[in-house]
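The structure appears right after this line, and notes come after that.
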Amino acid sequence: MALLTILKFPDPRLRKKATEIKKVTDDIRKLADDMLETMYDAPGVGLAATQINVQKRLVVIDISEDKSEPLVFINPEIIKEQGQREHEEGCLSVPEAYELVTRADTVRVKALDRNGETFELDTEELLATCIQHEIDHLDGKLFVDYISNLKRQRIKKRLEKQQKEN
Ligand code: GNR
Ligand code: NI
């Protein structure tokens, strides 16, 4: 197991589009485990491979209280969505920024699991928000793209300053 470095906004590598995983190999399973470890350590409830500078369509999520329900989504796709809901979002790649984002209320996701088997999952609440947020990462999109330019510029300036100091 290994902890991976999480890219921070406005790193241009967060804008790359991830490519489909053709075969679920031991390397992919190892990457998923390292991503889960990195997510739990952060701590966060989700992590997309894009955030650790790997351009593959792989997402991990665990919204449980006690880190007991790790979910792995390979090539995740939203196949149905209903309604709209506003939810406060944060992102491990955009530290200490929390803003309201409107997304679909409930979504049905189709993906491959760690054994390469297709599964479908109906999601709502935090899980629905999270899977949409993570699929956005795979497409080079961040939650700050949904807020005002002024707010985004303020966040960008603050993070650039912080990153220079480090
Ligand atoms: O840890 C996270 N919390 C969160 C809260 C509300 C909406 C989305 C998220 S995802 C985030 C982890 C992260 O950055 N995943 O990409
Ligand atoms: Ni994020």
Side-chain angles (χ1 to χ4, degrees), residues 1-22 24-64 67 69-78 87-104 107 109-114 121 123 125-147 151-166:
M1 300 275 271
L3 288 179
L4 308 164
T5 304
I6 299 174
L7 301 177
K8 301 292 183 336
F9 178 70
D11 193 312
R13 292 171 289 182
L14 287 168
R15 299 303 188 179
K16 293 189 183 173
K17 191 172 155 70
T19 58
E20 192 190 344
I21 293 173
K22 296 277 185 220
V24 181
T25 59
D26 284 348
D27 283 352
I28 295 294
R29 283 184 277 272
K30 160 102 171 59
L31 183 59
D33 288 338
D34 288 345
M35 284 172 59
L36 281 164
E37 190 187 5
T38 303
M39 178 189 79
Y40 289 135
D41 180 74
V45 295
L47 191 69
T50 308
Q51 292 177 277
I52 48 113
N53 197 28
V54 172
Q55 283 73 45
K56 293 187 199 311
R57 301 192 79 81
L58 171 59
V59 161
V60 297
I61 294 178
D62 190 339
I63 58 158
S64 72
K67 310 178 172 186
E69 292 165 38
L71 297 172
V72 175
F73 299 87
I74 296 164
N75 304 332
E77 275 179 77
I78 291 168
H87 194 284
E88 186 171 80
E89 298 196 18
C91 180
L92 295 172
S93 295
V94 191
E96 291 159 73
Y98 304 91
E99 299 289 345
L100 287 171
V101 177
T102 301
R103 298 192 188 267
V107 303
V109 188
K110 181 180 173 180
L112 301 179
D113 65 17
R114 55 185 306 136
L121 186 67
T123 68
E125 312 265 325
L126 179 58
L127 185 53
T129 298
C130 198
I131 191 70
Q132 291 172 84
H133 173 116
E134 304 309 340
I135 292 173
D136 266 0
H137 275 302
L138 301 181
D139 293 325
K141 214 157 180 208
L142 298 170
F143 86 94
V144 293
D145 300 346
Y146 298 103
I147 66 177
K151 281 185 180 171
R152 186 169 55 258
Q153 286 307 317
R154 281 196 192 129
I155 293 166
K156 180 168 174 263
K157 291 274 176 292
R158 173 173 63 77
L159 291 177
E160 280 172 341
K161 184 161 177 280
Q162 282 176 1
Q163 289 164 50
K164 242 177 247 160
E165 286 163 1
N166 292 334

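- Contact check for Asp34 versus Met1: side-chain heavy atoms found under the 4.5 Å cut-off.
- The backbone N or O of Ala48 lies less than 3.5 Å from a partner atom in the side chain of Gln51, making a donor-acceptor pair.
- More than 12 heavy atoms of other residues, nucleotides or ligands shown are found within 6.0 angstrom of NZ on Lys157.
- In this structure, Lys110 places its NZ atom where only 12 or fewer heavy-atom neighbours from other residues, nucleotides or ligands lie under 6.0 Å away.
- Within the 3.5 Å criterion, the main-chain N or O of Ile21 finds a donor-acceptor partner in the side chain of Asn75.
- Considering only heavy atoms from C-beta on, Val45 stays 4.5 Å or farther from His133 through its side chain.
- Once rounded to the nearest 0.5 Å, the distance linking CG of Asp136 with CG of Leu14 reads 12.5 Å.
- For the residue pair Ala49 and Leu138, the shortest heavy atom distance occurs at N-CD2, 4.3 Å.
- Separation of atoms CZ (Phe73) and CG (Leu112) is listed at 12.0 Å; rounding is to 0.5 Å.
- With hydrogens and angles ignored, the 3.5 Å screen pairs a side-chain donor or acceptor of Glu37 with a backbone N or O of Ala2.
- Once rounded to the nearest 0.5 Å, the distance linking CG of Leu126 with CD of Glu88 reads 12.0 Å.
- Side chains of Ser64 and Asp62: a donor on one and an acceptor on the other come within 3.5 Å.
- Residues Asp33 and Arg29 are not paired through a salt bridge, judged by the lack of any N-O separation under 4.0 Å between the basic side chain and the carboxylate.
- Across every non-hydrogen atom of Leu58 and Ile28, the tightest pair is CD2-O, 4.2 Å.
- Here the closest heavy-atom approach between residue Leu92 and residue Gly46 is recorded as CD1-O, 3.9 Å.
- Here the closest non-hydrogen pair linking Gly90 and Phe143 is C-CE2, 4.0 Å.
- Between the OG1 atom in Thr129 and the CD atom in Glu134 there is a gap of 11.0 Å [rounded to 0.5 Å].
- Ion pairing between a basic and an acidic side chain is recognised when a charged N comes within 4.0 Å of a carboxylate O; Glu165 and Lys161 show such pairing.
- Lys56 and Asp27 are not joined by a salt bridge, as no carboxylate oxygen comes within less than 4.0 angstrom of a charged side-chain nitrogen.
- Here the NE2 atom belonging to His137 is positioned 13.0 Å from the CD atom belonging to Gln132, to the nearest 0.5 angstrom.
- A heavy-atom distance below 4.5 Å is found between the side chains of Pro95 and Leu159.
- Ile6 places a side-chain heavy atom less than 4.5 Å from the side chain of Ile52.
- For the pair Glu89/Arg103, a side-chain contact is recorded, criterion being any heavy-atom separation below 4.5 Å from C-beta on.
- Rounded to the nearest 0.5 Å, atoms NZ (Lys8) and CD (Gln163) are 7.0 Å apart.
- Here the options are Arg15, Lys17, Lys16, the test is salt bridge (Lys or Arg N to Asp or Glu O under 4.0 Å), and the partner is Asp139; only Lys17 passes.
- The closest side-chain heavy-atom distance from Lys67 to Pro43 is not below 4.5 Å.
- The two residues Thr50 and Ala18 have their closest heavy-atom pair at OG1-CB, 4.2 Å.
- When every heavy atom of Phe9 is checked against every heavy atom of Leu142, the shortest pair comes out as CD1-CD1, 3.5 Å.
- In this structure a side-chain-to-backbone donor-acceptor pair under 3.5 Å is missing from Arg114 to Ala32.
- Counting only heavy atoms from C-beta outward, the side chains of Leu127 and Leu121 approach each other to under 4.5 Å.
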(request) Under the side chain to side chain contact (heavy atoms under 4.5 Å, CB included) rule, what do Leu4 and Leu47 come out as? Steps first, then yes or no, please. (result) CA-CA 11 Å; Leu4 308 164; Leu47 191 69; 5.8 Å; no
